[in-house]
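Have a look at the structure below, then the notes.
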Amino acid sequence: MFLQTWSLPFLLLATATLAAFPLSRYLAWIMDGKYRPAPFFRWFEERLDSGPQNWKQYAGSLLAFNTLLFAFGFLVLALQPWMPLNPDGKGMLAPSTIFHSVASFMTNTDLQHYAGERHLSNFSQIFFGMINLFLSAAIGLCALTAIIRALRGDPSLGNFFVDMWRVVVYLFVPAAFLVGFIFLTQGSPMTFRSSYQVSILETADMGIADRGEAKPQTIVVGPVAAFESIKMLGTNGGGFYGMNSAHPFENPNALTNFLATLSMMLFPFSLVLVYGRMLQRVRHSIVIFSVLLLMMAGTIAWTVVFDTLRPNPGLTASPVPRTYEIPSATAPGGKWTVSVPAIPGLPVDQHLGNLEGKELRFGTAAGATFAAITTDVTCGAVNAEADSLNPLAALSPMIGMWLNCIFGGKGVGMINVLLYIIVAIFIAGMMVGRTPEYLGKKIEAREMKLATLALLVHPLMILLPTGLFAATDWGLLAVSNPGAHGFSQMLYQFSSASANNGSAFDGLGVVYGFHHNPTPAPTAVAWDIATALVIIVGRFLPILAPMAMAASLGAKRSSPFGLGTLRDDGITFGVLLLGTVLIIGALLFLPVAALGPFAEHLGPVPFGG
């Protein structure tokens with residue numbers, strides 16, 4: 001049982017760590033422009049190169065590119081009924097859903113308020129979905145590269161369009177081709193055909209047509225293998241199917257599950273080491289890497305222990321009647337007494353833990369492991385139902401999104417780590433009475449203001465809308481469970497949106513569907529608009545503010561290393577960084593954790609007692 005439970009997490013962490021070192025060397029070589037492109041590629045690079053850019057020009061190019069990406073994506077989805085590769089005649093999505101989907105895919109969030117096999121044609125899957133999977137994933141990596149150049153004090157931050165070319169052509173395309181080919185050999189479809197009509201053995205299961213004939217089953221297919229590869233490598237997470245990586249076409253077997261999980265870890269792991277290589281401070285990046293690896297191992301272990309090694313409380317007997325007292329200002333004596341009758345258990349063997357919503361073809365611990373990793377690296381893909389995790393196990397994915405720096409997404413995760421580093425060094429400097437320094441540059445008021453702005457926008461984008469929706473019908477009419485779990489559903493949705501993650505507790509009613517749908521979810525429009533706005537703010541402010549901070553810091557003169565300077569390549573720095581991340585995270589999010597997962601775990605049966 002021990003090997004069955006822990007071998008998968010150990011192999012994933014070990015493989016990703018070993019692969020990160022050579023991959024980081026290649027990434028740094030590419031992004032520093034030390035390669036010699038083939039003449040054909042050089043011609044394109046020369047046309048894309050508009051000249052050296054300072055941080056404002058680089059940020060302006062980034063925003064302009066995203067604006068064009070937004071307009072193109074909106075146009076593709078709005079014109080879906082009239083585009084090719086749509087033999088099933090799929091209509092136009094609701095305008096609010098188009099707005100949400102375009103904002104989500106443009107920002108590498110891929111939070112889906114639709115089911116791909118039901119609502120999108122293959123044309124939309126390719127020209128809206130797949131193009132965004134490549135381009136949005138590259139933007140965060142380009143932003144990190146620009147910030148590293150700024151910290152080095154380079155005269156320019158490079159050129160955004162050249163960087164985009166390098167990431168897409170020299171990194172993502174070859175990697176996605178290799179991974180996609182493996183998925184293809186394992187059974188993932190790769191075709192322009194939209195669907196097959198097949199007869200099934202139990203003919204009555206699909207219903208009877210008007211002429212009395214048994215209805216066939218419709219099996220939706222498409223370029224799934226290509227979609228799946230960049231979905232995972234780019235830590236995008238948006239699935240071709242509504243079931244995401246739990247669908248047998250997206251994730252056919254245990255081998256593809258291991259490859260998919262490893263794929264979403266490779267670039268986030270490597271980019272931490274790229275940070276050190278490009279700054280010529282590899283030991284510094286190894287300390288950071290070790291801290292992040294420790295936190296990821298902790299989130300995985302927490303999820304596995306409280307989900308794979310614990311039964312589902314909803315299926316467990318509670319043979320003794322219980323009473324609870326709830327404080328209330330309107331009750332006699334100040335307390336309400338709630339009686340809970342005895343509850344019989346179901347005849348389900350739970351020696352393998354909580355199996356609700358799990359795909360056993362991947363292994364017993366695969367769902368819990370995937371759930372922790374997908375939020376740590378802000379991917380958002382799922383191979384099990386997150387809404388079915390035991391309450392305390394569900395806390396781990398939330399923590400990954402709240403901290404938003406346990407490796408994080410490609411580039412943006414390391415940018416968030418940099419913010420915590422600046423805050424940690426500033427606190428340490430104030431404690432010993434010295435001007436804090438990082439990379440030999442003094443951290444002053446401007447840098448701290450920008451770092452604080454970038455850090456605080458994330459909790460604000462989670463807590464404010466969660467509180468608003470929890471207090472209004474916008475949230476109350478959408479939840480599928482009352483009480484603490486319903487609050488967790490809302491909290492998770494906005495956490496995923498702000499962290500640009502994309503996973504969700506799927507019991508939340510947020511789907512409008514097609515524009516002509518007569519019965520959409522009651523508050524779907526409110527959820528579409530609110531989460532889209534959170535996604536956009538949560539994406540760009542934490543990129544632009546650190547870019548300005550890095551430019552300000554890098555422009556300063558270096559100070560000589562002295563006896564009072566905090567070394568950034570030792571255990572002391574690692575402990576300081578770990579403590580800063582955990583303490584800030586606890587101060588910001590412990591209250592809502594108590595209202596959601598903790599309250600559900602400690603509350604009345606079936607989860608508490």
Side-chain angles (χ1 to χ4, degrees), residues 8 11-12 15-16 18-20 22-27 30 35 38 40-41 85 108 110 116-117 120 122-123 125-138 141 165-196 219-241 243-270 359 361-363 366 370 373-374 377 379-383 410:
L8 178 62
L11 286 174
L12 285 168
T15 306
L18 292 175
L23 184 56
S24 67
R25 189 181 298 274
Y26 175 74
L27 288 170
I30 290 294
Y35 63 95
F40 176 74
F41 290 153
L85 299 178
N108 196 227
D110 301 350
E117 71 273 27
L120 293 190
N122 277 347
F123 183 89
Q125 295 275 29
I126 296 169
F127 290 96
F128 166 70
M130 202 178 301
I131 285 179
N132 273 286
L133 298 185
F134 277 97
L135 297 180
S136 67
L141 204 157
W165 168 268
R166 291 169 176 169
V167 174
V168 172
V169 174
Y170 301 130
L171 303 180
F172 285 165
V173 169
F177 180 83
L178 176 61
V179 174
F181 180 77
I182 297 175
F183 271 92
L184 179 62
T185 64
Q186 296 303 304
S188 290
M190 189 63 196
T191 176
F192 288 121
R193 183 163 179 168
S194 296
S195 62
Y196 288 89
I219 299 178
V220 177
V221 293
V224 181
F227 195 100
E228 184 71 13
S229 61
I230 189 58
K231 177 191 103 175
M232 303 309 299
L233 285 166
T235 66
N236 291 283
F240 191 94
Y241 299 95
M243 288 174 61
N244 209 283
S245 289
H247 196 287
F249 285 172
E250 286 201 36
N251 197 359
N253 52 47
L255 173 62
T256 58
N257 184 70
F258 182 87
L259 179 61
T261 313
L262 178 65
S263 294
M264 66 176 166
M265 301 168 72
L266 286 177
F267 286 115
F269 274 51
S270 301
E359 285 290 331
R361 68 180 187 274
F362 304 144
F370 200 104
I373 294 175
T374 194
V377 300
C379 177
V382 292
N383 72 351
K410 315 137 313 303

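These figures come from a predicted structure and were not determined experimentally. Every heavy atom of this structure was used, including side-chain atoms; hydrogens, water molecules and symmetry mates were not.
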Rounded at 0.5 Å granularity, tell me how far [atom1] in [X] sits from [atom2] in [Y].
{"X": "Phe172", "Y": "Lys410", "atom1": "CZ", "atom2": "NZ", "value": "6.0 Å"}
{"X": "Asn236", "Y": "Asn132", "atom1": "CG", "atom2": "CG", "value": "8.5 Å"}
{"X": "Met190", "Y": "Ser229", "atom1": "CE", "atom2": "OG", "value": "8.0 Å"}
{"X": "Asn122", "Y": "Phe227", "atom1": "CG", "atom2": "CZ", "value": "10.5 Å"}

Side-chain contact test, heavy atoms from C-beta onward, threshold under 4.5 Å: evaluate it for [X] versus [Y] and give yes or no.
{"X": "Phe267", "Y": "Leu27", "value": "yes"}
{"X": "Pro252", "Y": "Arg361", "value": "no"}
{"X": "Thr235", "Y": "Pro268", "value": "yes"}
{"X": "Gln125", "Y": "Leu85", "value": "no"}
{"X": "Met264", "Y": "Ile373", "value": "yes"}
{"X": "Phe249", "Y": "Pro189", "value": "yes"}

Does CZ in Phe177 sit with more than 12 non-hydrogen atoms of other residues, nucleotides or ligands closer than 6.0 Å? no
* Take Tyr170 and Tyr26 through the test ring-ring contact (aromatic ring centres under 6.0 Å, His included) and record every step on the way to the result. => CA-CA 10 Å; Tyr170 301 130; Tyr26 175 74; 8.3 Å; no
Closest contact, heavy atoms only, [X] versus [Y]:
{"X": "Val168", "Y": "Ala138", "answer": "CG2-CB, 3.9 Å"}
{"X": "Phe240", "Y": "Gly222", "answer": "CZ-CA, 3.8 Å"}
{"X": "Asn383", "Y": "Ala366", "answer": "ND2-O, 3.6 Å"}
{"X": "Met232", "Y": "Ala260", "answer": "CE-O, 3.3 Å"}
{"X": "Tyr241", "Y": "Val220", "answer": "OH-O, 2.6 Å"}
{"X": "Met265", "Y": "Leu12", "answer": "CE-O, 3.7 Å"}

For [Y], does its backbone N or O pair with a side-chain atom of [X] as donor and acceptor, under 3.5 Å?
{"X": "Thr374", "Y": "Phe370", "value": "no"}
{"X": "Ser263", "Y": "Leu233", "value": "no"}
{"X": "Arg193", "Y": "Val221", "value": "no"}
{"X": "Asn244", "Y": "Ala381", "value": "no"}

Sequence neighbours excluded, the answer for salt bridge (Lys or Arg N to Asp or Glu O under 4.0 Å) partners of Glu250 is Lys231
Is there a side chain to side chain contact (heavy atoms under 4.5 Å, CB included) between Phe192 and Ile126? Walk through the geometry before answering. CA-CA 10 Å; Phe192 288 121; Ile126 296 169; 3.6 Å; yes
Discussion item. Under 6.0 Å between ring centres: does that hold for Phe123 and Phe128?
Written reply: no
query = Is the Phe362-Phe258 ring centre distance short of 6.0 angstrom?
reply = no
Which donor-acceptor pairs under 3.5 Å do the side chains of residues 178-186 make with protein atoms, sequence neighbours left out?
unit_1	atom_1	unit_2	atom_2	d
Thr185	OG1	Ile182	O	2.6
Gln186	OE1	Asn253	ND2	3.0

Go through the steps to decide whether Ser270 and Arg25 satisfy the test side chain to side chain contact (heavy atoms under 4.5 Å, CB included), and finish with yes or no. CA-CA 9 Å; Ser270 301; Arg25 189 181 298 274; over 6 Å; no
